[in-house]
Amino acid sequence: MRIANRWRTHHCAQLRATDVGRKVRLCGWVDRRRDHGGLVFVDLRDREGVSQIVFHPEEYFEAAEIGKALHAEDLIQVEGLVARRPEGTENEGLATGEIEVVAQSVRLLNACLPLPFPLDAVVENEELRLAFRFLDLRRRRMLENLRLRHRITRAVRDYLDARGFLEVETPILSKSTPEGARDFLVPSRLAPGSFYALPQAPQQYKQLLMVSGIERYYQIARCFRDEDLRADRQPEFTQVDLEASFAEPEDIQSWVEGALEKVFREVVGTDLSLPFPRMSYREAMDRYGSDKPDLRFGIDLYDVGEIFRGSDLKVFRAVLDAGGVVKAVNGKGLARIGAAELAALEEIARGLGGKGLAYIRVESSGWKSPIGKFLTPGERDALALALGATEGDLLLFAADQWQLACEILGRIRLRLADLSGEPKEHSEWKFLWVTDFPLFAFDREEGRWESMHHPFTRPRSEDLPLLEEGRYGEVRALAYDIVLNGTELGGGSIRIHEAELQQKIFSILGIDSETQEQRFGHLLKAFRYGAPPHGGVALGLDRLAMLLAGAESIRDVIAFPKNRHGVDPLTGSPAEVDAKQLRELRIAISGRGNA
RNA sequence: GGAGCCAUAGCUCAAUUGGUUAGAGCGCUGCCCUGUCACGGCAGAGGUUGCGGGUUCGAGACCCGUUGGCUCCGCCA
């Protein structure tokens, strides 16, 4: 890195014993000052690191006077001589620890007010950190997070470039398609009453690029969704978005695996073993009660319906007779948990819509359980065998429709892992492809079918007859999600490229022909002009960076994130605008607050 | 829209069962200190305990409300 110019000759992590005697000039912030009355030391910091500056009052009085008066985070320019530190005062913990710069002159370039929070300690007050984000980003940890993110995108770009992917930008001012998340809208001045929408993803544009014959496209794409925020959700976020023509799911998956392998090798020095395991949606739900199972621990769900098929336990029997399932999970060693914890587990079940959560404490004195008296010795033996139950275990049961029973125990499983102190090492990377998602999910409240992934997802060809027969819930999609340690890192699919099939899917989703033409006419039109088969995937860059950084929130890997309410406390966005601006847009505010 | 947790000095936290003048470390200010690197020493400033109400002889603590922050559910094709 070339750095020398009139401001500075080196950066603060650059100088070594071989530079002793050299006259240098450094610029940086006062990381720490140690004033010995006479002698003053300053750790001078820039992006690259730290050098110790020493002020000798007898030799360089004026410089020392300035040095004495410095404060934390003052910005200074120092000119001086590189000197070897006296025998025994070297600092082995510092790359530049063999030398120091003897200040001959120093300029205070810009002073710093007393800091609102320390830069070298944990600060819980995130609101304050965001309000002073420019200072927060000076912290080593945050700087390294940004650097890590940079390295990720660079590795991804290198990888995809080497495989013939073209980076193409797509519009930010886009068109609203009311399916999916809520859109951010941008009013058009030139067409009053009309609005652009910020893209939730470049989905349709990248498919159009495939029709254009681009063949392999990628983009580090900003996406916008106007939904409530979470630790891993911001209203604007970034996806590594790619699409390829003439590609099978295996092609897409191997590109993702290859890119991630390169990222992990180059960014954190970890070798991933490829390919990642695959698991069908059905199996993931059956075994782990989740479509993004965390495989760092091995608590499995079991179907124990057969054991209760002839049971006296009416609640279980009724569910089974109605076509439901009885599933169970074994919390090894958790018979010890108290009533409050147990109630919390039941609350998880109820919160999801379950009727309850049966439990059995396996204790030395016998099985302690409200359902205990309904169990025959044979049933107990069968359960113990199926669940591997031994003394001290806590068995939990959900009896419900398959989907719900799985989801309930899936949540319980995560909670049990916490309770039992299962190791969840950040350095352990458990990747998984979840495949064969259902194409549709039935929305009970709306009383209609919805796309599980999105409406452009291609059904498996062998399931096309099911589509004709109206057995929508059974149709599987050529879709795949990539999961890392229980986090959905991304997902993709092979797309529909035929106008007729696309129209059929739209119709099943309850979008009539007129609306189809209105909202998706451009896509349907394009499909009639020799659209190639194609598919792709999108990876959540923020989440990937968060996991690699060992951060708790994607806010820690985004330079200027929004808080819980979509507000940036630093700039004060969003903000009201001038009446003149609104007039130009022909917008009238009808009311504030509970409008 | 719902649930939970939190709010005490600039920051991170403490304050026994409701009981004297709300403390500590860091930071800040002043003084001392010539080989430190989380330098050290002495002194000092800094608080309407988020806000409003209530219970009580007495509230940082208990109750109600409210505001703000965070986490989760809903939502996120």
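Checking B/rU16 for Watson-Crick or G-U wobble geometry (two distances, each under 3.5 Å) identifies no partner in any strand. Across all strands shown, B/rC70 pairs with B/rG4; the Watson-Crick or G-U wobble distances both stay below 3.5 Å. Base pairing of B/rG30: its partner is B/rC42, meeting the Watson-Crick or G-U wobble criterion (both donor-acceptor distances under 3.5 Å). In a base pair of the Watson-Crick type (N1 to N3 plus N6-O4 or O6-N4) or a G-U wobble (N1-O2 and O6-N3), with each distance short of 3.5 Å, B/rA59 is matched with no nucleotide. If you check B/rC51 for Watson-Crick or wobble pairing at under 3.5 angstrom, you find it paired to B/rG65. Across all strands shown, B/rC11 forms a Watson-Crick or G-U wobble pair with B/rG25, both key distances being under 3.5 Å.
Comparing B/rU29, B/rC70, B/rC72 by their nearest atom to the side chain of A/His71 picks out B/rU29.
Side-chain contact, A/Asp556 with A/Ser553: no donor N or O sits under 3.5 Å from an acceptor N or O. With 3.5 Å as the limit, one finds no donor-acceptor pair spanning the side chains of A/Glu514 and A/Gln518.
Comparing B/rU66 with B/rC76, their C1' atoms sit 30 Å apart, to the nearest whole Å. Only the C1' atoms considered, B/rC57 is 27 Å distant from B/rA14, to the nearest whole Å. Straight-line distance between the C1' atoms of B/rC5 and B/rC31: roughly 46 Å, to the nearest whole Å. Annotation: B/rG41 and B/rA59 have their C1' atoms spaced 40 Å apart (nearest Å). B/rG19 and B/rG58: their P atoms are spaced 14 Å apart (whole Å). Taking atom C1' in both B/rU8 and B/rU12, one finds a spacing of 12 Å when rounded to whole Å. Nucleotides B/rG10 and B/rU29 have their P atoms positioned 15 Å apart, rounded to a whole Å. Comparing B/rC26 with B/rG46, their C1' atoms sit 14 Å apart, to the nearest whole Å.
To the nearest angstrom, C1' of B/rC72 lies 11 Å from CZ of A/Arg233. Between the CD atom of A/Glu92 and the P atom of B/rG35 there is a distance of 20 Å, rounded to whole Å. If you take CG of A/Asp228 and P of B/rC70, they are 12 Å apart, rounded to a whole angstrom. Between the CD atom of A/Gln239 and the C1' atom of B/rC76 there is a distance of 12 Å, given to the nearest Å. Following rounding to the nearest Å, A/Ile408 (CD1) and B/rC73 (C1') show an atom-to-atom distance of 14 Å. Taking atom CG of A/Leu229 as the reference point, atom P of B/rC73 lies 14 Å away to the nearest angstrom. Atom CG of A/Asp183 and atom C1' of B/rC75 are 14 Å apart (whole Å). What separates CD of A/Glu127 from P of B/rU71 is a distance of 11 Å, to the nearest Å.
Centroid-to-centroid, the aromatic rings of A/Phe61 and A/His56 stay 6.0 Å apart or farther.
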Open item on the list: I need a per-nucleotide contact map over nucleotides 36-41 of chain B, read 5' to 3'. Cutoff is protein heavy atoms under 4.0 Å; write B for the base, S for backbone only, - otherwise.
Closed with: BBSB--
Task: Per-nucleotide protein contact string for nucleotides 3-12 of chain B, where B marks a base within reach and S marks sugar-phosphate only (heavy atoms under 4.0 Å, - for neither) - done: -------SSS
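When atom types are taken as modelled, the side chain of A/Arg225 and the backbone of A/Gln200 share a donor-acceptor pair closer than 3.5 angstrom. In this structure, A/Asp46 contributes its side chain and A/Gly49 its backbone to a donor-acceptor pair below 3.5 Å. A/Lys206 contributes no side-chain N or O that, together with a main-chain N or O of A/Asp241, makes up a donor-acceptor pair within less than 3.5 Å.
Between A/Asn563 and A/His454, the residue anchored closer to the 5' end of RNA chain B is A/Asn563, taking for each the nucleotide with the nearest heavy atom. Residue A/Arg230 is the one, among A/Ala201 and A/Arg230, whose nearest nucleotide of RNA chain B lies closer to the 5' end (criterion: closest heavy atom).
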Just list the side-chain donor-acceptor pairs under 3.5 Å for residues 90-97 of chain A, sequence neighbours left out, or say none.
{"from": "A/Glu90", "atom 1": "OE1", "to": "A/Gly88", "atom 2": "N", "distance (Å)": "3.1"}
{"from": "A/Asn91", "atom 1": "OD1", "to": "A/Gly93", "atom 2": "N", "distance (Å)": "2.9"}
{"from": "A/Thr96", "atom 1": "OG1", "to": "A/Val50", "atom 2": "O", "distance (Å)": "2.6"}

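A/His565 comes within 4.0 angstrom of sugar-phosphate atoms only, judged by non-hydrogen atoms across all strands, and of no base. Residue contacts shown for A/Ala181 are limited to sugar-phosphate atoms, with no base heavy atom under 4.0 Å away. In this structure, A/Glu347 reaches neither bases nor backbone, as no heavy-atom distance under 4.0 Å exists between it and the strands shown. Within 4.0 Å (heavy atoms only), A/Arg555 reaches sugar-phosphate atoms of the nucleic acid but no base atom.
Residue A/Phe184 qualifies as enclosed at atom CZ: its count of foreign heavy atoms under 6.0 Å is above 12.
Inter-residue side-chain proximity for A/Gln204 and A/Phe520 is flagged as met; some heavy-atom pair is nearer than 4.5 Å.
By the 4.0 Å N-to-carboxylate-O rule, A/Glu227 lies too far from A/Arg233 to be salt-bridged with it. The pair A/Glu98-A/Arg85 does not count as a salt bridge, with every side-chain nitrogen at least 4.0 angstrom from each carboxylate oxygen.
Here A/Arg543 does not reach the OP1 or OP2 of B/rC76: none of its side-chain N or O atoms lies under 4.0 Å away.
Classification of the A/Tyr281-A/Phe437 ring pair by plane angle, with boundaries at 30° and 60°, yields tilted.
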